[in-house]
Protein chains: 2
Amino acid sequence: MDKPAARARPAARVPTEPQSAPAASGKRPRGRPRKTLDERDDGNRRVELVNAAARLFHKKGFDATSTRDIAAAVGMHSGSPFYHFKSKGALLYAVVDEGMRSAIARQTAVLQAAAQAAPDPSALLRVLVHNHFDVLLGPGSDFIPVMLYESRALTARQRASLAKLRSDYEAVWVPVLEALTRTGRLKAPLKLARLLIFGALNWSVQWFDARKDASLDDLADAAMALFLQAPCSS
Amino acid sequence: MDKPAARARPAARVPTEPQSAPAASGKRPRGRPRKTLDERDDGNRRVELVNAAARLFHKKGFDATSTRDIAAAVGMHSGSPFYHFKSKGALLYAVVDEGMRSAIARQTAVLQAAAQAAPDPSALLRVLVHNHFDVLLGPGSDFIPVMLYESRALTARQRASLAKLRSDYEAVWVPVLEALTRTGRLKAPLKLARLLIFGALNWSVQWFDARKDASLDDLADAAMALFLQAPCSS
DNA sequence: CCTACCGATCGGTAGG
DNA sequence: CCTACCGATCGGTAGG
């Protein structure tokens, strides 16, 4: 069956009083009502598709998710996602891109707040680690897991753009890790340390269960205890 | 096109001198030649299929690999893998099962050798870590990466069997990590430490390049330096 | 954004 | 293990 489930169609989409104000003039605003509202609507549908795609790609994987699944999840018919995205792969890239930009924005925000309060590098690392766990495991966090585990389907060009974003995200960690190496609290070679640390964090997507396991703070504490040498002087 | 590539068909499969000895008697060994040889042949074909499946599942992912791809890789026609395996999922489970049994066997072997030479827990961890990297990244290591990153397609029953094998593999690490915790060289809570450590190691599948990066020994050294507190007394 | 549709591909099977 | 095939599903498109 191709009919979308009746469930997700938002009430706002039902054509209630469609052109209340425009109807008064009777001529000018025909084919398209006010431009701003129209664009906002289009944007919302697009955002809905990206959100549904993120959730389904995370839950079932990119290949196992059909564009029909995504359409049905937002109450569209099977061909309609291709009005907003030219291919399934473009939808995947939208998820990945949105996820990285959001992650970078959040990272920048928490780090700025922390750098003013306490410029201690171990405190900064703790903030980075906690934010990373939050981006991976917090509420509504489907985008970065998709980026981490479903990027194989991207084209070479898309992968190159993604590599730039990942590099931006990771670059912030480097001076913090360097400072910790200088003070002897981090022992492994910098590049390998970074890769191993990201692995430890990213793998949590595979096992973390918010209902059963520890809190994100517990996770961050454990990671800090594992990676850092205890403060030497005492 | 459905014709398999002419490439991988082993010369031994070409029906050259099919029943040299049996032809002498002319009666007894009809429908099936000697049983042992026949079974060995079947087993080899089965093993070839599992090896090809492991390589392709690792390279392209389970969903993106067709059973036709696998058949072609071993010089079979498109329907023939189903003579050996009743479904594509059964082939995936064969890969995962074989990978875990091999990993456990290798782990047992290296650990027994190391435990006699030096029962120091940090030396044992180093052996476990190095073996783990070797299983993940060493030559012919497609099975465990498939297990780690493609198991989602398994049935619930298969996943339960796999969980048992994974638990067997991980159980060996626990006493070693406990000993290191007791001597203060491992600081994080045991369960979280184990999960974070496995994450750091398993993630290497995503970035390690044998041509460019460090050796497996370098990796193991870096992991030990990162995870363990420096020996306290000195 | 829907309707109606297409070509391609896929997992799997019967029958030998 | 091959031959010949099937039903289902999928990404995508034309035309409105």
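Throughout, protein chains are lettered first and strands after them, A, B, ... in sequence-line order, and every chain is numbered starting at 1. We use all heavy atoms of the structure for the numbers below, so side chains are in, but hydrogens, waters and symmetry mates are not.
Using a cutoff of 4.0 Å between basic side-chain nitrogens and carboxylate oxygens, Glu170(A) and Lys191(A) are not scored as salt-bridged.
Each of Gly79(B) and Asp63(A) has a nearest nucleotide on DNA chain D; the 5'-most of these lies closest to Gly79(B). Taking for each of Thr65(A) and Leu49(B) the nucleotide of DNA chain D with the nearest heavy atom, the 5'-most of the two is the partner of Leu49(B).
Atom CZ in Phe85(A) sits roughly 13 Å away from atom P in dG12(D) (whole-Å rounding). Rounded to whole Å, the distance from NE2 on His77(B) to P on dG11(C) is 18 Å. Note: CD1 (Ile70(B)) to C1' (dG12(C)) measures 13 Å, nearest angstrom. In this structure, CE of Met76(B) is placed 18 Å from C1' of dA4(D), rounded to the nearest angstrom. dG11(C) atom P lies 6 Å from atom CZ of Phe82(B), rounded to whole Å. Atom NZ in Lys88(A) sits about 15 Å away from atom P in dT9(D), given to the nearest Å. At whole-Å resolution of the value, OH in Tyr83(B) and P in dG16(C) are 17 Å apart.
Note on Ser80(A): a base of the nucleic acid sits closer than 4.0 angstrom, heavy atoms only.
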*Criterion salt bridge (Lys or Arg N to Asp or Glu O under 4.0 Å) on Arg152(A) and Glu150(B), from CA distance to verdict*: CA-CA 13 Å; Arg152(A) 177 164 38 189; Glu150(B) 305 296 331; 2.8 Å; yes
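The only member of Phe227(A), Phe133(A), Trp203(A), Trp173(A) that meets ring-ring contact (aromatic ring centres under 6.0 Å, His included) when paired with Phe198(A) is Trp173(A). Shown are Lys88(B), Lys59(B), Lys60(B); of these, the salt bridge (Lys or Arg N to Asp or Glu O under 4.0 Å) with Asp69(B) is made only by Lys60(B).
For Thr67(B), a side-chain nitrogen or oxygen approaches OP1 or OP2 of dG11(C) to under 4.0 Å.
Closest to the Ser87(A) side chain, of the nucleotides dC1(C), dG12(D), dC2(D), is dG12(D). Nearest nucleotide to the side chain of Arg68(B), out of dG12(C), dC1(C), dC2(D): dG12(C). The nucleotide whose nearest atom lies closest to any side-chain atom of Ser66(B) is, among dC1(D), dC10(C), dC1(C), dC10(C).
Taking NE2 of His58(B) as the start and OG1 of Thr65(B) as the end, the distance is 11.5 Å to the nearest 0.5 Å.
The base-pairing partner of dA8(C), taking Watson-Crick or G-U wobble contacts with both distances under 3.5 Å, is dT9(D). Base pairing of dT3(C) is made with dA14(D), judged by Watson-Crick or G-U wobble geometry with both donor-acceptor distances under 3.5 Å.
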